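From a predicted model like this one, the values you see are computed outputs, not experimental measurements.
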Amino acid sequence: RLGAVLCGIGTVLADDPSLTVRQLPDMLSEHPYPNLAPEIFSSPSTIPSQAQPLRIIADTQLRIPENSTLVQTSAEVPRLVACSQGFLAADSQASAKAARLEAQGVQLLLLNELDGHIDLVQLLTLLGARGVNGLLLEGSIKDGDMVRVTASPDGLELRTELAAAA
């Protein structure tokens, strides 16, 4: 149901996630969505790459490891790394790393920075323009980290649904 999954660089550094759908829940094996292609439900362990959500990493200072699972699987499942355009412009080592990541298929999304974080409203606006109409936030809140959303002067409407798992 969601077109993209977003996590912060802290989750990437701590867990090296793949952020992919690896198995459909048993409850979906009865084809509850008749408009979807049947091949999506034919094998619960094989999910076609076109059915995978867009993977997005919020990484203001481009700290994503070049050997991370997300980078290494970039040819199979699309991913964006949202980073600060100001940081990239000011740091030649980060610019060189950006070029290496792009050569591996990582698409960089250069955004404005607000209070040391990427501009989430700008990110959501760009995702909406790409047709992404739902976003899962993956990760944890610790040491004061949090997603910050501010009111948009252009009337961008945000709806938040929060679910927590142990």
Closest heavy-atom contact between [X] and [Y]?
| X | Y | value |
| --- | --- | --- |
| Gln107 | Arg79 | N-NH1, 3.3 Å |
| Ile57 | Gly8 | CG2-C, 4.4 Å |
| Ile118 | Ser84 | CG2-N, 4.4 Å |
| Leu135 | Leu124 | CD2-CD2, 3.6 Å |
| Thr60 | Gly116 | OG1-O, 3.6 Å |
| Leu6 | Ala58 | CD1-N, 3.9 Å |

Exercise. Could you give me the CA-CA distance, side-chain angles and deciding distance for Leu19 and Cys7, then say whether side chain to side chain contact (heavy atoms under 4.5 Å, CB included) is met?
Key: CA-CA 9 Å; Leu19 301 179; Cys7 78; 3.6 Å; yes
Exercise. Could you point out which residue of Leu101, Ile9, Leu109, Leu62 forms a side chain to side chain contact (heavy atoms under 4.5 Å, CB included) with Val81?
Key: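 Of Leu101, Ile9, Leu109, Leu62, side chain to side chain contact (heavy atoms under 4.5 Å, CB included) with Val81 is met by Leu62 alone.
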Practice problem: Check Val12, Val71, Leu70 against Pro65 for a side chain to side chain contact (heavy atoms under 4.5 Å, CB included) and give me the one that passes. | Solution: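 Answer after filtering Val12, Val71, Leu70: Val12.
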Practice problem: Check the side chains of Ser18 and Arg55 for a donor-acceptor pair under 3.5 angstrom, ignoring hydrogens and angles. | Solution: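 No pair is found: no donor N or O on one side chain lies under 3.5 Å from an acceptor on the other.
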Quiz item: Looking only at side chains, do Gln85 and Asn112 share a donor and an acceptor under 3.5 Å apart?
Solution: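 Side-chain D/A pair, Gln85 to Asn112: present.
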Exercise. Answer yes or no: is there an ion pair linking Glu66 with Arg100, defined by an N-O contact shorter than 4.0 Å?
Key: yes
Quiz item: In terms of hydrophobic clustering (I, L, V, M, F, W, Y; side-chain heavy atoms under 4.5 Å; direct or indirect links), are Leu126 and Phe87 co-clustered?
Solution: no
Practice problem: Identify, with sequence neighbours excluded, every residue that meets side-chain hydrogen bond (donor to acceptor under 3.5 Å, both in side chains) alongside Thr69. | Solution: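 With neighbours one apart ignored, the set is Asp16.
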Quiz item: Can you tell me if Asp59 uses its side chain to pair, donor with acceptor, with the backbone of Ile64 under 3.5 Å?
Solution: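 Yes: the side chain of Asp59 pairs with the backbone of Ile64.
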Quiz item: Quick check: does any side chain N or O of Asp119 sit under 3.5 Å from a backbone N or O of Val121, one acting as donor and the other as acceptor?
Solution: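 Side chain of Asp119 to backbone of Val121, a donor-acceptor pair under 3.5 Å: yes, one is there.
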Self-check item: Distance in Å, Glu113 CD paired with Cys83 SG, rounded so as to fall on 0.5 Å steps
Solution: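 Answer for the CD-SG pair, Glu113 versus Cys83, is 10.0 Å.
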